[in-house]
Amino acid sequence: MTKVAIILSGCGVFDGAEIHESVLTLLFLEQAGAQYQCFAPNIDQLHVINHLTGEEQAQTRNVLVEAARIARGEILDLKELRVDEYDALVLPGGFGAAKNLCDFALKGENSVLNADVERVCQEFAQQQKPAAYLCIAPAIIAHIYPQGTKATIGNDADTAAAMEKLGAQHVDCRVDDIVVDEQAKVISTPAYMLAGSVKEAASGIEKAINKLISLV
């Protein structure tokens, strides 16, 4: 049975992992007959956002502890992820992917990755194991894969330009479609970068997960 590692970035669209994208990922993996294990870095979030008001709160929260909410407690510290034990990788979006897994939301083309995220993603790429990056998470692709690797966040011009300055080849993409770099075995889809509903987000994520499994 295909085993897939999932990297979550917290819990909540504005400061962590996008919950709908994360749950849809779990659902479509299970429907495809794959096993999965969730991971998250054991670090503090960049900040905490009140999702009712949109205001920043004077709190400190841990990415792994928050991500455990989505995984119903079935989650491991990212440091424990051994790439040899898995066939594929998925990174759901949410601003946590660009705030906690890296600092793309703050520094754009000058961003850097969390060390454990970098290690894991690079090892999947080096071992030519397929990976799917959803929503804003494809901003990480340019840090991991060779110059010119195809990726998408939809059609936001500023975000696409920052990704291209990092070295990716951005491809505009509809919410219900995916972009695949066959040579790199990396898949991306806009999800909530464009989606206006769970149904719209699901349309691209399902295609991404099915393509991921087909590449294993």
Side-chain angles (χ1 to χ4, degrees), residues 4-32 34 36-41 63 67 70-71 78 86 88-102 104-105 113-114 117 120-121 124-125 129-145 149-156 159-160 163 168 170-181 184-216:
V4 181
I6 303 168
I7 301 178
L8 300 177
S9 58
C11 181
V13 57
F14 299 125
D15 57 11
E18 213 296 319
I19 296 171
H20 295 174
E21 293 176 6
S22 301
V23 174
L24 287 167
T25 295
L26 305 183
L27 173 63
F28 293 136
L29 283 171
E30 190 169 322
Q31 288 182 342
Y36 59 79
Q37 175 63 57
C38 293
F39 296 86
V63 173
I70 297 174
L78 187 57
Y86 294 90
L89 174 70
V90 184
L91 278 75
F95 277 109
K99 292 178 177 179
N100 303 326
L101 304 186
C102 68
F104 182 81
L113 301 181
N114 167 274
V117 172
V120 168
C121 293
F124 272 97
K129 294 181 176 181
Y133 292 75
L134 316 179
C135 191
I136 190 61
I140 295 172
I141 289 173
H143 286 281
I144 301 298
Y145 294 89
T149 298
K150 295 177 183 177
T152 191
I153 46 76
N155 57 20
D156 182 79
T159 307
M163 287 173 62
H170 184 269
V171 180
D172 282 0
C173 181
R174 301 189 315 270
V175 68
D176 62 348
D177 208 353
I178 61 176
V179 167
V180 183
D181 191 299
K185 293 187 177 180
V186 65
I187 305 149
S188 49
T189 190
Y192 271 107
M193 289 294 290
L194 291 178
S197 67
V198 178
K199 182 179 179 180
E200 285 190 354
S203 62
I205 293 172
E206 184 173 20
K207 287 182 181 178
I209 296 302
N210 288 338
K211 180 64 175 179
L212 180 79
I213 299 303
S214 76
L215 290 176
V216 171

Contact between N100 and P41 at the side-chain level, heavy atoms closer than 4.5 Å - yes or no? no
Do other residues, nucleotides or ligands put more than 12 heavy atoms under 6.0 Å from K129 NZ? yes
Do you know which two heavy atoms are closest between A17 and S9, and how far apart they sit? N-OG, 3.2 Å
What residue among V179, V180, L134 forms side-chain contact (heavy atoms from CB on, under 4.5 Å) with S188? V179
Partners of V198 by side-chain contact (heavy atoms from CB on, under 4.5 Å), sequence neighbours excluded? H20, L24, Y192
State whether the number of non-hydrogen atoms from other residues, nucleotides or ligands found under 6.0 Å of Y145 atom OH is greater than 12. yes
A quick test of your reading: do over 12 heavy atoms of other residues, nucleotides or ligands sit less than 6.0 Å from CD of Q31? yes
Residues at least two apart in sequence or cross-chain that pass ring-ring contact (aromatic ring centres under 6.0 Å, His included) with F14, listed by chain then number, are H51
Out of the candidates V90, I7, I70, L26, only one should pair with C38 under the side-chain contact (heavy atoms from CB on, under 4.5 Å) rule; please name it. L26
Please list, one pair per line, the donor and acceptor atoms closer than 3.5 Å that link side chains of residues 199-209 to other protein atoms, with sequence neighbours excluded.
from: E200; atom 1: OE1; to: G196; atom 2: N; distance (Å): 2.8
from: S203; atom 1: OG; to: E200; atom 2: O; distance (Å): 2.6
from: K207; atom 1: NZ; to: D176; atom 2: O; distance (Å): 2.7

Which heavy atom in L194 sits nearest to a heavy atom in G154, and how many Å separate them? CD1-CA, 3.8 Å
Minimal non-hydrogen separation, A139 against M163, with atom names: CA-CG, 4.1 Å
